[in-house]
Amino acid sequence: MNLSILIPLLNEEESLQELYSWIIKVMQSNNYSYEIIFVDDGSTDDSWNIIESFSNENPNVKGIRFMKNFGKSQALHAGFAKAKGDVIITMDADLQDSPDEIPGLYEMITKEKFDLVSGWKKKRYDSVVAKNLPSKLFNWAARKTSGVELNDFNCGLKAYKNTVVKNIEVSGEMHRYIPVLAKNAGFNKIGEKVVIHQARKYGETKFGMDRFINGFLDLITIWFLSRFGKRPMHLFGLLGSIMFMIGFLLALYLGIDKLFIHKTSRLITERPHFYLSITSMIIGTQLFLAGFLGEIILRTKSNEARYKVAREVNF
């Protein structure tokens, strides 16, 4: 199978018919073998019924319905697990991503041998203050932190080799950082393609300014996980040991000073250095224990399902 088109969505009943017809037109004009996977992330409108109607008329259309809203990362994870195409294209359901970009993305994966190609919405139709400026700052921070040179990490329009999506774990709100996850998994040929960004035609965006705050917090998380996720003791143990040694050496100095140099001076407990040494040793011990507990958790954790599927069609 050439393509899997993966579309996570939440309450997009107005745009689904137009999006579906557009994708089918692109598939037929290029003679692709394909599947379209809609992942309904707990919609409360008529989105699921529309998806079922598509699947009844076209066996290439498949659907996954979550019991409630679990988030875009979980929707992508569920779709990646089911995708069978040689190339997987992800896109949003709000018609801001153009299906006409699919052939170009497909060729970059199949002919230019990229592992992952991310769309770059160079010209945007979003609010400058509410979205464009925060997005530029966010993308700059992501580039500097991750080392992945992309201009638009958060673009929903991306193309992947099948092996990429089968070897990355998308959880929490990490869908913004799939290119970073791919790089950490060993997929280094990551490209970018300028894509058309269209103004939203129906409804309102499901994301507010808080996504940028969460995005920066997730960026710190993914930096930590990529560096120390499999060896937390290397960070916490090192910091804890340094802090403990500073406190111990300071306490040793105070003890020698009191016993052999200034025997008749004020009590050690009256000197601020004593409390600094005690605090350093306590913090050092706590950091060391944090790393030790992190190692134990890594070795004993169970992989619980992060979402609940209510129904599936055509799988």
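Of the possible polar contacts, one joining the S277 side chain to the F274 backbone as a donor-acceptor pair under 3.5 Å is found. The main-chain N or O of F153 is found under 3.5 Å from a side-chain atom of N139 such that the two form a donor-acceptor pair. Under a 3.5 Å cut-off, the side chain of D152 and the backbone N or O of S118 do not form any donor-acceptor pair. With hydrogens and angles disregarded, a donor-acceptor distance shorter than 3.5 Å links the side chain of T90 to the backbone of G156. When atom types are taken as modelled, the side chain of N30 and the backbone of V26 share a donor-acceptor pair closer than 3.5 angstrom. No side-chain donor-acceptor contact under 3.5 Å links S73 to the backbone of V170. Remark: side-chain polar atoms of K189 are paired, donor with acceptor, to backbone N or O of E112 under 3.5 angstrom. In this structure, the side chain of N167 engages the main chain of T163 through a donor-acceptor pair within 3.5 Å.
Side-chain contact between K121 and D97: present, with at least one pair of heavy atoms (C-beta onward) separated by less than 4.5 Å. Counting heavy atoms from C-beta outward, Y20 and I50 have side chains that stay 4.5 Å or more apart. Proximity of L238 to H234: side-chain heavy atoms (C-beta onward) are nowhere separated by under 4.5 Å. Residues F244 and L287 form no side-chain contact, since every pair of their non-hydrogen atoms from C-beta on lies 4.5 Å or further apart. Contact annotation: the side chain of I102 approaches that of M27 to within less than 4.5 Å [non-hydrogen atoms, C-beta and beyond]. Side chains of E192 and V148 form no contact here, defined as non-hydrogen atoms less than 4.5 Å apart. The shortest distance between side-chain heavy atoms of W48 and V313 falls below 4.5 Å. Considering only heavy atoms from C-beta on, F292 comes within 4.5 Å of I296 through its side chain.
Pairs passing the salt bridge (charged side-chain N to carboxylate O under 4.0 Å, His left out) check and including a residue from residues 36-61, sequence neighbours excluded, read E52-R311.
Ion pairing between a basic and an acidic side chain is recognised when a charged N comes within 4.0 Å of a carboxylate O; K193 and E101 show such pairing.
No path of Ile, Leu, Val, Met, Phe, Trp and Tyr side chains, each step under 4.5 Å between heavy atoms, connects W120 with V195, placing them in separate hydrophobic clusters. Cluster annotation: I242 and L249 are assigned to distinct hydrophobic clusters (Ile/Leu/Val/Met/Phe/Trp/Tyr, side-chain heavy-atom contacts under 4.5 Å, transitive). Taking hydrophobic clusters as Ile, Leu, Val, Met, Phe, Trp and Tyr residues chained together by side-chain heavy-atom distances below 4.5 Å, L276 does not share a cluster with I246. Under the 4.5 Å side-chain heavy-atom criterion for ILVMFWY residues, no single connected hydrophobic cluster contains both M243 and L289. Using a 4.5 Å cut-off between side-chain heavy atoms of Ile, Leu, Val, Met, Phe, Trp and Tyr, with links allowed through other members, L6 and V309 fall into the same hydrophobic cluster.
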- Query: side-chain contact (heavy atoms from CB on, under 4.5 Å) between T110 and D86: does it pass, once the steps are laid out?
  - Reply: CA-CA 9 Å; T110 56; D86 297 328; 6.0 Å; no

- Check the pair Q17, F54 against side-chain contact (heavy atoms from CB on, under 4.5 Å), reporting the backbone distance first and the verdict last. CA-CA 9 Å; Q17 181 61 59; F54 295 158; 3.3 Å; yes

- Task: Could you check N58 against I36 for side-chain contact (heavy atoms from CB on, under 4.5 Å), going step by step and ending with a plain yes or no?
- Result: CA-CA 10 Å; N58 185 349; I36 303 173; 5.5 Å; no

- Item | Criterion side-chain contact (heavy atoms from CB on, under 4.5 Å) on F70 and K68, from CA distance to verdict | CA-CA 6 Å; F70 286 98; K68 67 173 187 176; 3.6 Å; yes

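The line from CD1 of I51 to CZ of F38 is 6.0 Å long, rounded to the nearest 0.5 Å. To the nearest 0.5 Å, atom CE of residue M91 and atom CD1 of residue I23 are 5.0 Å apart. From E107, atom CD reaches atom CD1 of I109 across 11.5 Å, with rounding to the nearest 0.5 Å. Distance check: K161 NZ to K166 NZ gives 15.5 Å after rounding to the nearest 0.5 Å. One distance of note links CD1 of I282 with CD1 of I278; it measures 6.5 Å at 0.5 Å rounding. Atom CD1 of I89 sits about 15.0 Å away from atom OH of Y34, to the nearest 0.5 Å.
Within 6.0 Å of CE on M1 lie more than 12 heavy atoms contributed by other residues, nucleotides or ligands. The 12-atom threshold is exceeded at CZ of F114, counting heavy atoms of other residues, nucleotides or ligands nearer than 6.0 Å.
Between N162 and A83, the closest heavy-atom pair is ND2-O, 3.7 Å. Contact between E12 and L9 at its shortest, heavy atoms only, is CG-CB, 4.3 Å. Summarising the geometry of N2 relative to N31, their closest heavy-atom pair is OD1-O, 4.2 Å, with the distance given to 0.1 Å. Closest heavy-atom contact between L116 and A182: CD1-CB, 4.0 Å. Closest approach of A93 to S15, counting heavy atoms only: O-OG, 2.6 Å. The shortest heavy-atom contact between L157 and S98 is CD2-O, 4.2 Å.
The side-chain contact (heavy atoms from CB on, under 4.5 Å) test with I88 singles out one residue from I37, L3, V165, and that residue is V165.
Aromatic rings from Y160 and F80 are positioned such that their centres are separated by under 6.0 Å.
Not counting sequence neighbours, K158 has no partner by the salt bridge (Lys or Arg N to Asp or Glu O under 4.0 Å) test. By the salt bridge (Lys or Arg N to Asp or Glu O under 4.0 Å) test, K82 is found to be paired with E312, residues two or more places apart in sequence or in another chain being considered.
With hydrogens and angles left out, the side-chain atoms of S4 and E35 include a donor and acceptor closer than 3.5 Å.
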